[in-house]
Structures are given as structure tokens and as C-alpha cells.
Chemist: 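Starting off with a structure, shown below.
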Number of protein chains: 2
Amino acid sequence: MLNEQSLLSLPGYALRRAANATAADLTARLDRIGIRLVDATVLMLIADNPGTTSSAVGKVLDIQRANMVPLLKRLEDAGLIEREPIDRKSQGIAVTAGGKARLAEVRRVIAEFEAELIERVPQRHRDHLLPALNALWR
Amino acid sequence: MLNEQSLLSLPGYALRRAANATAADLTARLDRIGIRLVDATVLMLIADNPGTTSSAVGKVLDIQRANMVPLLKRLEDAGLIEREPIDRKSQGIAVTAGGKARLAEVRRVIAEFEAELIERVPQRHRDHLLPALNALWR
DNA sequence: TATTGTTATACTCTATAACTATA
DNA sequence: TATAGTTATAGAGTATAACAATA
């Protein structure tokens, strides 16, 4: 339809379009099992770091402290995480048994998504994608 | 701080983080010359497709028709684009002289941004990034 | 009948400021 | 004095529905 060539030659543009398209795809897949992409990401991070705090999670994922509140409340209300005091100021977060079951579903969906994602990349480029991407933001 | 390993091994996660980080960077750079990232993108697309329509631009960039209205109004109010009727239903969009001057600035900023972006990618991965990304969404 | 451009509005996501309590 | 958790709210960005006019 339109000439999009000068945009398509820009890695930054391709990066945004690819991220938007794939995030929309994964969001739709996770919606089918009733969980949001951010929530699933937080859940995975907590599972690998039992006893971590809201602040620590927020720092790693670049989520503001204030925005962690309703997010963790959702996970707690859904019975996926539980909190217990570390001291009188902080509280440690852990994934519940129910959360682990849900996490198994999440991991299945994500594994399938990631497999189909990487399959779309021509073989000779495949192994370069992850290191190239991580070099861009880490 | 936290163990982020299982997330970092997911191309989809790395893709989102890389896109968010680089988009924030470019947004800040373009802000210094007083233009938004979306507006700059639309301006580039119109420049390469003089006489195109609002609908056509929206379709290529996945922007809803309704959201094109205030966007094009901004560009028009800034004197960067002009519209003239194609028939009594559609109108063709073109970049004005002032728009072309602004576009030169935009291209300079973006070229610098893209150069620094690709420099962060280890050399052996560099040539693989663009084709891998475009394979993901095109 | 489908498309263009538009208006108005709802919704989601994120950012900011301020506050309390505790390390 | 800095940090953790929280509340309330503002703002930006996007989505949805409806409309008139024209192809």
C-alpha cells in the first residue's frame, strides 16, 4: 500500500513494532487463562525469589512502587501470592500452592509462545536474537 | 539484586525490555527538538508518500482512525503538514516546506540514535538484528 | 454497502506527590 | 536520613461507538 521502506530499515522501528506485535499476541494468550502479562511476569520473578519485597520486584521490572500496590493486591486476592512481615516495615512475598499451579499454566503458555516466536526467525539469525536484544538494554 | 535469569532467557521478555528502554531514549531525544516519537514517525511516512491519506497512514502504523485526528491536527497546527481534498470524501496529506526542515532535524536525531543503538550490539550479532526483528512482525 | 473523516467518551496504564511508619 | 508501603490523583495513550457524507 504505502512505501514503508525508510522505516523498515531502522532497527529501532523494527524493534518497537516487533515488541508491540508479540506483546499483543502473548497478552491475548495469557488472557485466555485469565492472567495479565505484567502479573505473570511478576509471579515468575517472585517464584524465583521467594521472600523478596514489593520494592525489589519493582526495581527489577521498572515498575513504580505505587503501581506495585494494586498489582500485588490482584495476585493476593487471586490467592497466588502471600505476604508475611520481614520486620515492621517490609514484607516478604512468596508464591502460594495455588500460585504454583497457576504458574505451571503460565509457563506452558509462555513456552509455547516463545517457541513460535523464535520459529518465525530464519534459522541463521536465531541464535543472535537474544544476545543482541539483551545488549540493548542491560 | 534479584535472580532474573529465567526472564532473561526469554526472547519475548528481552524484546519488550529492549523496545521499552530504546523507545524511552528516543522519545527523550526527540523531546529536545520538540516533537513526539509517533508524530515523527507519521511525518517520515507522509514524506515518503506524498498525497497519502489519514486512513492509509493509520493502517500502516496500526493507529486507529479516530486517533489519527488529533495527531494530524498537531502536525498541521505546527505547520508541518498540509491537506488538500482528493475528492469530496478523502484528503491528501503532504509535508510542507517547514515540515521538511523539521524532518531534517528528526532524521539527524534518529540517525544518531540508531547508530548508538546498533553500536551496543556485539559485532557478530549486528547484521542479524534487523532481519530477525522484521521476521517477527511482518 | 463500504469507506473517510470526525466527535465524544471510556478505559487502561503509568507518573507524581504526599503521607505514615520504620530501618 | 533513607526506605517501605500506601493512598489518591493526574496525565498520557489507546480503544470503542456512533455519526454524517461520500465513494
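Here is the naming used below: chain letters follow the sequence lines, and residue numbers restart at 1 for every chain. All values below come from the heavy atoms of this structure, side chains included, with hydrogens, waters and symmetry mates left out.
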Chemist: Whole angstrom is fine here: how far is it from CG in B:L72 over to C1' in C:dG5?
Modeler: 10 Å
Chemist: Does A:R65 have a side-chain nitrogen or oxygen under 4.0 Å from the phosphate oxygens OP1 or OP2 of C:dC19?
Modeler: no
Chemist: Show each protein N/O and nucleotides 21-23 of chain C N/O combination with a separation under 3.5 Å, one pair to a line.
Modeler:
residue, atom, partner, partner atom, Å
C:dT22, O2, A:K89, NZ, 3.4
C:dA23, OP1, A:R88, N, 3.0

Chemist: When rounded to the nearest 0.5 angstrom, what is the spacing between CD in A:Q5 and CG in A:L10?
Modeler: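 Nearest 0.5 Å value for the CD-CG distance: 10.5 Å.
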Chemist: What is the distance, rounded to the nearest whole Å, between atom CE of B:M1 and atom C1' of D:dT3?
Modeler: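 Roughly 12 Å, once rounded to whole Å.
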Chemist: When you get a sec, tell me which of D:dG5, C:dG5, C:dA8 is the closest nucleotide to the side chain of B:S54?
Modeler: C:dG5
Chemist: With heavy-atom distances below 4.5 Å as the criterion, would you say the side chains of A:L103 and A:L80 are in contact?
Modeler: no
Chemist: With the side chain of A:K59 defined as its heavy atoms from C-beta on, choose the nearest nucleotide among D:dA4, D:dT7, C:dT7.
Modeler: D:dA4
Chemist: Whole-Å distance between D:dA12 P and B:L37 CG?
Modeler: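 Atom CG in B:L37 sits about 16 Å away from atom P in D:dA12.
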Chemist: Just to confirm, is there a sub-4.0 Å distance from OP1 or OP2 of C:dT6 to any side-chain nitrogen or oxygen of B:R83?
Modeler: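 Answer is yes, contact under 4.0 Å.
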Chemist: Are B:Q64 and D:dA15 close enough that a side-chain N or O sits under 4.0 Å from OP1 or OP2?
Modeler: yes
Chemist: I'd like to check B:E4 versus B:L8 (side-chain heavy atoms, cut-off strictly below 4.5 Å). Are they in contact?
Modeler: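 Counting from C-beta outward, B:E4 and B:L8 do come under 4.5 Å.
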Chemist: Taking only side-chain nitrogens and oxygens of A:Q91, does any of them come within less than 4.0 Å of OP1 or OP2 of D:dT6?
Modeler: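 Looking at the OP1 and OP2 atoms of D:dT6, one of them is under 4.0 Å from a side-chain N or O of A:Q91.
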Chemist: DNA chain C: B:V69 or A:A66, which has the more 5' nearest nucleotide?
Modeler: B:V69
Chemist: Under a 4.5 Å cut-off applied to non-hydrogen side-chain atoms, are B:L43 and B:I81 in contact?
Modeler: yes
Chemist: Give the residues of residues 10-23 of chain A touching DNA chain C, defined as any heavy atom closer than 4.0 Å, sorted by residue number.
Modeler: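 Those residues: none at all.
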Chemist: Measure the spacing between CG of A:L75 and CD1 of A:I35 and express it to the nearest 0.5 Å.
Modeler: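 That separation rounds to 6.5 Å.
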Chemist: To the nearest 0.5 angstrom, please state how far the CZ atom of A:R65 sits from the OG1 atom of A:T53.
Modeler: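 Going from the CZ atom of A:R65 to the OG1 atom of A:T53 covers 11.0 Å.
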Chemist: Can you tell me the distance, in whole Å, between the CG atom of B:N67 and the P atom of C:dT9?
Modeler: 16 Å
Chemist: Can you check whether A:K73 has a side-chain N or O nearer than 4.0 Å to OP1 or OP2 of D:dG5?
Modeler: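 False: A:K73 side-chain N/O out of range (4.0 Å or more) of D:dG5 OP1/OP2.
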Chemist: Have a look at A:D39 and tell me which of A:R74, A:R102, A:K73 forms a salt bridge (charged side-chain N to carboxylate O under 4.0 Å, His left out) with it.
Modeler: A:R74
Chemist: Is there side-chain contact between A:L71 and A:N67, with heavy atoms separated by less than 4.5 Å?
Modeler: no
Chemist: Output the rounded distance in Å from CG (A:D62) to C1' (C:dT14).
Modeler: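 So the CG-C1' distance, A:D62 to C:dT14, works out to 12 Å.
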Chemist: Considering only heavy atoms from C-beta outward, does the side chain of B:L7 approach that of B:R17 to under 4.5 Å?
Modeler: no
Chemist: Around A:N3, counting heavy atoms of other residues, nucleotides and ligands shown, do more than 12 lie under 6.0 Å from its CG?
Modeler: yes
Chemist: How many Å lie between CE on A:M68 and C1' on D:dT7, as a whole number?
Modeler: 16 Å
Chemist: In whole angstrom, give the distance that lies between atom CD of B:E84 and atom P of C:dG5.
Modeler: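 So the CD-P distance, B:E84 to C:dG5, works out to 13 Å.
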Chemist: Over how many whole Å does the gap from B:I93 atom CD1 to C:dT4 atom P extend?
Modeler: 12 Å
